[in-house]
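Data block below; observations after.
Just so you know, these numbers use all the heavy atoms, side chains as well, and skip hydrogens, waters and symmetry mates. Starting from 1, each residue takes its place in the sequence as its number.
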Amino acid sequence: PAPANRASAPPVVGERAHGLGRAANHVWIPTVGDGLVMVDPLTNSTRTWNATTAPTFPDYRLADARTTVSDVWLGAGSGVIRMDRASGTVLHSYTRADGLPGDGVVYRVLPDGANVYVGMRNGGVGTLDVGSRHVTPIRNQTPLPGCPSAQVHMQPPHGRDPWVRPTRGP
């Protein structure tokens, strides 16, 4: 049983959880099909953004969550979602209309100051300029040198450059 001073939190559901984001006392858990869950491990409480709790949320198919000082960045089936970390409100959704390459499905987001690197399902890698809200493809549906697939998963930056890992190795 849960300690008396902790609320009983509902279980985290979802087909599968992918890249986790962590900020302050919260862990942000993206799921494929069941939206986003924010967990406070200290109080064992949760907040969810799914079809029941947030019917206007842009996309419930989420692959990645990354946090900055003020934002939560989500890789989604429809593109990139930027949320205010404190209020949980959606600030903007970035889609193919903003220049996301390929079919717009984002597997990985890596915020880096004024830019956010995005790893696409079938569009390679792009750089989102937060100020202009425009995405510039770095590689657009063309395999990266030495990589037989344009489907990429990026790793946290090493120095100033993110590491890129294709679905299938060279």
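- Between the side chain of D98 and the main chain of T95, a donor-acceptor pair closer than 3.5 Å is present.
- Residue R47 holds its CZ atom at 13.0 Å from CG of D40, rounded to the nearest 0.5 Å.
- With values rounded to the nearest 0.5 angstrom, T136 atom OG1 is found 8.5 Å from N115 atom CG.
- Ion pairing between a basic and an acidic side chain is recognised when a charged N comes within 4.0 Å of a carboxylate O; D64 and R66 show such pairing.
- The line from OG of S93 to CE of M83 is 10.0 Å long, rounded to the nearest 0.5 Å.
- Between N50 and D34, the shortest heavy-atom contact is CB-O, 3.5 Å.
- Nearest approach of P58 to V90, heavy atoms of both residues: CD-CG2, 3.8 Å.
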Verdict with reasoning, R85 to D71, per salt bridge (charged side-chain N to carboxylate O under 4.0 Å, His left out): CA-CA 5 Å; R85 207 178 85 201; D71 300 321; over 6 Å; no
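- The nearest pair of heavy atoms linking G35 to T31 is O-OG1, 2.8 Å.
- Side-chain atoms of V130 and R82, non-hydrogen and from C-beta on, do get closer than 4.5 Å to each other.
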Side chain to side chain contact (heavy atoms under 4.5 Å, CB included) evaluation trace for D59 with I81: CA-CA 8 Å; D59 198 334; I81 301 169; 4.1 Å; yes
Intermediate values then yes/no, ring-ring contact (aromatic ring centres under 6.0 Å, His included), W73 and W28: CA-CA 10 Å; W73 291 90; W28 299 81; over 10 Å; no
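- Annotation: side chain of Y107 is not in contact with side chain of M120 (no heavy-atom distance under 4.5 Å).
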Trace of the side chain to side chain contact (heavy atoms under 4.5 Å, CB included) decision for T48 with M38: CA-CA 6 Å; T48 59; M38 180 188 68; over 6 Å; no
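- Residues D129 and G131 share a closest heavy-atom pair of OD1-N, 2.9 Å.
- Residues V109 and Y117 are not in side-chain contact: their nearest non-hydrogen atoms beyond the backbone lie 4.5 Å or more apart.
- No side-chain heavy atom of V116 sits less than 4.5 Å from a side-chain heavy atom of L110.
- For the residue pair P41 and V39, the shortest heavy atom distance occurs at CD-O, 3.3 Å.
- Contact detail for V106 and R108: the closest heavy-atom pair is CG1-O, 3.4 Å.
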Evaluation steps, side chain to side chain contact (heavy atoms under 4.5 Å, CB included), between F57 and L74: CA-CA 12 Å; F57 199 74; L74 303 169; 3.8 Å; yes
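- We find the OG1-CG distance between T89 and D84 to be 4.5 Å, quoted to the nearest 0.5 Å.
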